[in-house]
K.L.:
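Would you mind keeping the following structure in view while I ask a few things?
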Amino acid sequence: MSVITVERKILEKNDAIANEIRHSFQEKNIFSINLVSSPGSGKTSLVEQTINLAKDKFNIAVIEGDVQTSLDAERIGVFNIPVVQIITNGSCHLEANLVKDAYKQLEEKEIDLLVIENVGNLVCPAGYDLGEDLKVVIVSTTEGDDKPLKYPAMFRNASALVINKIDLLPYVKCSLETLRKNALSINPNLKIFEISCTKDTGLNEWIEWLQSHLKK
Amino acid sequence: MHELSVAEEIVNISRQYLPKENNVHVKSITIKIGRLSNILPDSLLFCYESLIDNTPLNGSKLIIEEIPIRINCMKCGKNSETDHISFLCPNCNSSEIKIESGTELLISEIELFENNLE
Ligand SMILES: Nc1nc2c(ncn2[C@@H]2O[C@H](COP(=O)(O)OP(=O)(O)OP(=O)(O)O)[C@@H](O)[C@H]2O)c(=O)[nH]1
Ligand SMILES: [Mg+2]
Ligand SMILES: [Zn+2]
């Protein structure tokens, strides 16, 4: 009978690959964000709008994560910017090794901002570092104002919160004030944006924030 | 459902500790999971059991120690422990807190046993 002391992080392999990725991004002066939300909150819509408004200002590339399809990459493809689709085949979150492989296809490109759209899920992606600089979480008004309290880990780890679909506020039971208060009770340092991707509201502030983080 | 990926990593890491002797087996693997790690213990156990069939870890038990959330308040200095997820100091309601524990996700030890009847 013997006991071996291990004391190793279960996700150490993912963390090690994420650090490798972070190092490559740093060398190339790429600012990267990991975009997370529930399914359908507007991740791809925000990426589309960001490209629309900023593609003449700086170079954007996108890595799309999806469980099953390449539909999101097809939406981004029409903008003529570098995009790579990762299909996770059922897995509910992106892992660093998938991002590392996807990035191989982008290595030669000139990139200032790399957006990684995670799989739509507010739980599982929280524990997986992808080597990004910052996590941005999106909540849309149709999801209600209690989401930060229900998925605290995600809000705790994020640097910014995009409240999307504010054009729908008149039709849904969701108070911006409560949503803000709930989010800040989980993470007082969250930078909060109020946006409508379909009505082009609040996007300039978002673009300026991105621009202020660029490394070159 | 990231319990499956977590269970796979537990198996991968634990296999590195398998003894060479044929009569030594893994009795149990003890892991620590913090309340903030978003892992459902029952679901993790289920995934683990289904992965170890036909592997040298077959028959081993996964022991899960759940670690509570401990926060240290930077305003009033009080330490507190909670099982429900909150990032406010229960004493003074301040949000300026440090998380001392609760985010763990690690393998702490592996217990082996010898079967001399084999
Ligand atoms: N009314 C309104 N609808 C929006 C807004 N932003 C996105 N939508 C709609 O919401 C739906 C989902 O948007 P997507 O951008 O595909 O959401 P997503 O988060 O990328 O979805 P998944 O990748 O499937 O998780 C689409 O029908 C969008 O047109 C908005 O600001 N207002
Ligand atoms: Mg999408
Ligand atoms: Zn306090």
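Residue numbering restarts at 1 for every chain, and letters A, B, ... go by the order of the sequence lines. All values below were derived from every heavy atom in this structure, side-chain atoms included, with hydrogens, water molecules and symmetry-related copies excluded.
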K.L.:
Start with the C-alpha gap between E7(A) and L106(B), add the side-chain angles, then the distance that decides, and say whether side chain to side chain contact (heavy atoms under 4.5 Å, CB included) holds.
P.N.:
CA-CA 6 Å; E7(A) 294 293 329; L106(B) 44 93; 3.7 Å; yes
K.L.:
Answer yes or no: is there a side-chain heavy-atom contact under 4.5 Å between P188(A) and E96(B)?
P.N.:
no
K.L.:
Check this for me: F113(B), atom CZ, are more than 12 non-hydrogen atoms of other residues, nucleotides or ligands nearer than 6.0 Å?
P.N.:
yes
K.L.:
Which is it for H2(B) and C92(A) under the side chain to side chain contact (heavy atoms under 4.5 Å, CB included) test, yes or no, and what are the steps along the way?
P.N.:
CA-CA 7 Å; H2(B) 63 312; C92(A) 50; 4.2 Å; yes
K.L.:
Does any backbone or side-chain atom of N93(B) lie under 4.5 Å from a heavy atom of chain A? Answer side chain, backbone, both or neither.
P.N.:
neither
K.L.:
Quick check: are there more than 12 heavy atoms from other residues, nucleotides or ligands sitting under 6.0 Å from CG of D42(B)?
P.N.:
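Check fails, neighbour count at 12 or below.
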K.L.:
Identify which part of I31(B) has an atom lying under 4.5 Å from any heavy atom of chain A, answering side chain, backbone, both or neither.
P.N.:
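Interface part for I31(B): side chain.
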K.L.:
For atom CD of E177(A), decide whether the heavy atoms of other residues, nucleotides or ligands shown that lie under 6.0 angstrom number more than 12.
P.N.:
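No.
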K.L.:
To the nearest 0.5 Å, what is the distance between SG (C124(A)) and CD (E3(B))?
P.N.:
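Going from the SG atom of C124(A) to the CD atom of E3(B) covers 6.5 Å.
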K.L.:
Mark yes when over 12 heavy atoms from residues, nucleotides or ligands other than K13(A) sit less than 6.0 Å from its NZ; otherwise mark no.
P.N.:
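12 or below, so no.
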K.L.:
List the steps, then state whether side chain to side chain contact (heavy atoms under 4.5 Å, CB included) holds for N38(B) with M154(A).
P.N.:
CA-CA 10 Å; N38(B) 278 323; M154(A) 195 60 98; over 6 Å; no
K.L.:
Hey, does R156(A) have a side-chain heavy atom less than 4.5 Å from the side chain of L36(B)?
P.N.:
no
K.L.:
With a 4.5 angstrom heavy-atom cut-off, could you sort out which part of Y128(A) is near chain B: side chain, backbone, both or neither?
P.N.:
side chain
K.L.:
Step by step, work out the side chain to side chain contact (heavy atoms under 4.5 Å, CB included) result for Y17(B) and V6(A).
P.N.:
CA-CA 9 Å; Y17(B) 292 85; V6(A) 180; 3.5 Å; yes
K.L.:
Identify which of I186(A), L11(A), I10(A), N14(A) forms the greatest number of heavy-atom pairs closer than 4.5 Å to chain B.
P.N.:
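Of the options given, most contacts go to I10(A).
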K.L.:
Where is the tightest heavy-atom contact between F87(B) and P152(A), given as atom of each residue plus distance?
P.N.:
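Scanning both residues, the minimum pair turns out to be CE1-CB, 3.6 Å.
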K.L.:
Does some side-chain heavy atom of R8(A) sit less than 4.5 Å from a side-chain heavy atom of S108(B)?
P.N.:
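Side chain of S108(B) against side chain of R8(A), heavy atoms only: no contact under 4.5 Å found.
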K.L.:
Given a strict heavy-atom distance threshold of 4.5 Å, which part of I99(B) is in contact with chain A: side chain, backbone, both, or neither?
P.N.:
side chain
K.L.:
Does K75(B) NZ have over 12 foreign heavy atoms under 6.0 Å away?
P.N.:
no
K.L.:
Below 4.5 Å from any heavy atom of chain B, which atoms of K9(A) appear? Answer side chain, backbone, both or neither.
P.N.:
both
